[in-house]
There are 2 protein chains.
Amino acid sequence: MATKLNLDKLDYQIIQEMMENAEISYADLGKKFFVSAGTIHVRIKKLQEAGVVKGTKLNVDLKQLGYDVIAFIGVYLEKSSLYDIVAEELRKIPQIVRLNYTTGNYSMFGEVVCKDITELRQILHDDLQKIKGIERTETFISLDESFGRNVQVYKTK
Amino acid sequence: MATKLNLDKLDYQIIQEMMENAEISYADLGKKFFVSAGTIHVRIKKLQEAGVVKGTKLNVDLKQLGYDVIAFIGVYLEKSSLYDIVAEELRKIPQIVRLNYTTGNYSMFGEVVCKDITELRQILHDDLQKIKGIERTETFISLDESFGRNVQVYKTK
DNA sequence: ATTGAAAGAGTCTCAGT
DNA sequence: ACTGAGACTCTTTCAAT
């Protein structure tokens, strides 16, 4: 953990804006928030050094790239102490893009992105069955994403 | 849907690289893949026009911004025809950052990002209880994220 | 801390291949 | 389609406030 954070309104405004659109220029950000491009630069540098801003990611259309199936998988473990071992095995399956250790029904909860249902079935039947320590899994296939958005760190209105 | 896609190795390489790090310069991308910066520029422009590349997003450290609690919520609906109405109500809760319509146990599946457990409890007890059409919900609090990564559109090795 | 201006680096265009 | 060079824009630094 870096030095203590002390973010002001402008910092939050910059983060909020760039979470949606990281390509915006410092000049345009400055115009929007009534400061100079130099000030924006200093703020972003500060946020990067503090580790609040970790980088930028490309936002791609998975459907157009041929990834038609998104599913969530709830995993029941035989013993919760097996978490780390099973997590390492699940990491080897590249279609699993996210894995969380959770409270509640499931010991762990994953998200899978696949080309098609055939690929999903292969993961569920072939790959997951081979992993020792998994008692069973439950799968929820996403039929539609209602919305996906960012956290609100600054309220616009 | 735009005109038919015909992506080659270079396109996939660029996407793979920029999904992790969208800040990399065209010159550096060119060096990495043995083409000129101009070629990279043309490819990225093509990908943007096709809609495959939708933009770039800031990657932030939610913990450092004070968002300590991530949870997943499975929603049981009284009738699945209520999906759209309930989705609109859930959209009004800004801490719900994602909502999917799913097969399986739950009708819909959401992800919540909160400052703390108190805020999560308010959402579960106050906000969700008010929404008509929700039979009940199940919550899975993330104790730890094992990994989070991008889809593999191009295999490096 | 913020600014404005200058230097440096990156993007974008285009003629040539 | 790719390249290299020039024009243009954006980032980065810095002296002044």
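This structure is a prediction, so every number in the text was calculated from the model and none was measured. Residue numbers start from 1 in every chain, and the chains themselves are labelled A, B, ... in the order their sequence lines are given, proteins ahead of strands.
Rounding to whole angstrom units, CZ of residue B:Arg43 and C1' of D:dC2 are separated by 9 Å. Counting to the nearest Å, the P atom of C:dC12 and the NZ atom of B:Lys46 are 17 Å from each other. Distance, A:Ile44 CD1 to C:dA1 P: 17 Å, rounded to whole Å. For the pair A:Gln48 CD and D:dT11 P, the interatomic distance rounds to 12 Å; values are reported in whole Å.
Sequence neighbours left out, the pairs with a member in residues 17-36 of chain B that pass ring pair (Phe, Tyr, Trp, His ring centres under 6.0 Å) are B:Tyr26-B:His41. Residue pairs that meet the ring pair (Phe, Tyr, Trp, His ring centres under 6.0 Å) test with at least one member in residues 51-81 of chain B, sequence neighbours left out, are A:Phe109-B:Phe72, B:Tyr76-B:Tyr106.
Residue A:Val35 is in sugar-phosphate contact alone, with no base atom involved, counting any heavy-atom pair closer than 4.0 Å across all strands shown.
Residues B:Glu145 and B:Lys63 are not paired through a salt bridge, judged by the lack of any N-O separation under 4.0 Å between the basic side chain and the carboxylate. A salt bridge between A:Lys46 and A:Glu49 is absent, with no side-chain N of the basic residue lying under 4.0 Å from a carboxylate O of the acidic one.
Between A:Ser36 and the phosphate of C:dT2, there is no side-chain N or O to OP1/OP2 separation shorter than 4.0 Å. At the phosphate of C:dC12, OP1 or OP2 sits under 4.0 Å from a side-chain N or O atom of B:His41. For D:dT13, one of the phosphate oxygens OP1 or OP2 lies less than 4.0 angstrom from a side-chain nitrogen or oxygen of A:Lys45.
Using a 4.5 Å cut-off on side-chain heavy atoms (C-beta onward), B:Leu99 and B:Arg91 make no contact.
Annotation: A:Lys54, atom NZ; neighbour count of heavy atoms from other residues, nucleotides and ligands within 6.0 Å is above 12.
Within residues 14-33 of chain B, the residues that place at least one heavy atom under 4.0 Å from DNA chain C are, in residue-number order, B:Ser25, B:Tyr26.
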